[in-house]
Amino acid sequence: MTMVTTPTQIKEAAEAAPVSRPSAPSEMTKKIRHVAAITLPPLIGLIILLGLWELACQTKGAMLPPPSKVLADTKELILDPFFDNGGTDKGLFWHLSASLQRVAMGFSLSAVVGILLGMVIGQSQLAMRALDPIFQVLRTVPPLAWLPISLAAFKAADPSAIFVIFITSVWPIILNTAVGVRNIPQDYRNVAAVLRLSPVEFFAKIAMPASVPYIFTGLKIGIGLSWLAIVAAEMLIGGVGIGFFIWDAWNSSLMSEIILALVYVGLVGFALDRLITVIGKKVSG
Amino acid sequence: MSAYLSIDDVGITFQTEKGSFRALDHVNLKVDKGEFISIIGHSGCGKSTILNIVAGLLQATEGGVLLENREVDSPGPDRAVVFQNHSLLPWLSVYDNVALAVDKVHSKTKSKEERHAWIMHNLQLVRMDHAKDKRPGEISGGMKQRVGIARALAMEPKVLLLDEPFGALDALTRAHLQDSLLEIQRRLGNTVMMITHDVDEAVLLSDRIVMMSNGPAATIAQVLKVDLAHPRRRVELADDPTYNHYRAEVLRFLHGHAPASVAA
């Protein structure tokens, strides 16, 4: 594993353990081994996957380009994500940022509405009995099925896309928040009762913090669904956005660009998921 | 003169899926201001139910509770409860757990500085001021219970309700906390009602011990007045014939009233 160390690291390792016995590994080597143990397996997995893909698509009559060709075809797109030739002819950065803006708006809306509704349903038996069956049915409607209705309602592409994100991601947030509120220990409710906390105080000081782990489970599922929905919705509504970019590339038969866009979509989705996890850890302390 | 706290002919029936269950029947008790009362009985005799009715967390089916001649019908900070499992909010520091109560109860009567001083005063009372910035997850069970007591005391309740406060603690920690509680109660003159199943705890701390018959339809079977001078020190009392007499009396009662399953 020490093969990957740089000369400076080796020097540091030597300085850190001046009296090191040859058999016992120094602290520095241990650290390097630890990092290597985490980073090497996924790296090897990726190389094997790319190798298989390269081999499979090298054969004559292959319908999809091998990774080497994807890289060659999309070199300019990768190196210059910021170009802007007007219209929809923009760099990938602009497409991704347009998609992310729509997700930010739709998801923020669904977080606020979802947490509030979830609190109400979790707290009130009546509200739960009234609304839960409706939610259970509505949450199974696929994202794109909402698009025609929202286009008809908003008569504009952007609000419709935002609405589709909202309506797709709001259900897991509602349902998980409600479960969190229902699971608030009776002890905490007794404390609130003895202190005569008002409903608003109970919400802010007990219900919210007590259900934070559940809320963030909902938010994590929600952000994933938002990202799924926006790519699909943008394929249909057009304009600037990573979904439209993929659709546009398909219409021009630019397979390499589609593959590059898929990689970016995956990386951004992964980053969004991690972001919510990190915020969740920060909030719950 | 009417009593400070009076439990008048309280009965409670729970409706369960298997039908109704009569938990308490004709419970009568008068408590004077500054008195320390223990309620002792076998598990399932409804002693916690009495406490919850006084706290207002449960509603009696018949009868009622009067505190300073006003009927108790809902929970409130004038009847602060120390729960068996401490019930501190885990996302708040020790200080903030007490502050939650102080800021709510004393928001109109104390300024911000006074409230801070009052929080620290109560943490010092239970000797937990050194851990004020710790979360409940970072302190021991005994320390959590101390903070629970500080939170309850900080509300300046008319009656302090303790629901088996030391039941989950090891013997040594329990003894320390009993001594602290006794000392604090003597100093502040709180009216205390404590649920316990520990005979020594009851005799050491109480002015009167209320002994409950077994459920269903449990009621007060006997009340024992504990005439021991203060300050009471557990080591000296261990050889005290009066102390041991009271102790034996409670033990005799509990054995005489053993539930059928235990007696068999």
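Chain letters run A, B, ... following the sequence lines, proteins first, then strands; residues in each count from 1. What you see is a predicted model; the values in this text were computed from it and never measured.
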Next item on the list: Measure A:Gln186 against the heavy atoms of chain B and call it side chain, backbone, both or neither at under 4.5 Å.
Entry: neither
Is it the case that more than 12 heavy atoms not belonging to [X] sit under 6.0 Å from its [atom1] atom?
X        : atom1 : value
B:Lys104 : NZ    : yes
A:Leu46  : CG    : yes
A:Phe270 : CZ    : no
A:Lys31  : NZ    : no

Notebook entry, point to check: With no hydrogens and no angle check, is any side-chain donor or acceptor of A:Arg196 less than 3.5 Å from a backbone partner on B:Pro75?
Noted result: yes
Where [X] and [Y] come nearest, the two heavy atoms and their spacing:
X        : Y        : result
A:Ala193 : B:Leu57  : CB-CD2, 3.9 Å
A:Val194 : B:Ala80  : CG1-CA, 4.1 Å
A:Tyr188 : B:Leu88  : CE2-O, 3.8 Å
A:Val191 : B:Arg151 : CG2-NH2, 3.7 Å

Notebook entry, point to check: Is chain A contacted by the side chain of B:Ala101, its backbone, both, or neither, given a heavy-atom distance below 4.5 Å?
Noted result: both
Next item on the list: Against chain A, label B:Arg79 side chain, backbone, both or neither, depending on which of its atoms sit under 4.5 Å from a heavy atom there.
Entry: both
Check: Do you know which of B:Asn85, B:Val81, B:Leu92, B:Asp78 has the most heavy-atom pairs under 4.5 Å to chain A?
Finding: B:Asn85
Notebook entry, point to check: Does some side-chain heavy atom of B:His86 sit less than 4.5 Å from a side-chain heavy atom of A:Asp187?
Noted result: no
Check: Taking it one step at a time, do B:Leu89 and A:Lys205 satisfy side-chain contact (heavy atoms from CB on, under 4.5 Å)?
Finding: CA-CA 10 Å; B:Leu89 303 176; A:Lys205 292 181 174 166; over 6 Å; no
Notebook entry, point to check: What residues form a side-chain hydrogen bond (donor to acceptor under 3.5 Å, both in side chains) with A:Ser108, not counting sequence neighbours?
Noted result: none
Checklist line | From CA spacing to verdict: side-chain contact (heavy atoms from CB on, under 4.5 Å), B:Trp91, A:Val212 | finding: CA-CA 10 Å; B:Trp91 56 86; A:Val212 154; over 6 Å; no
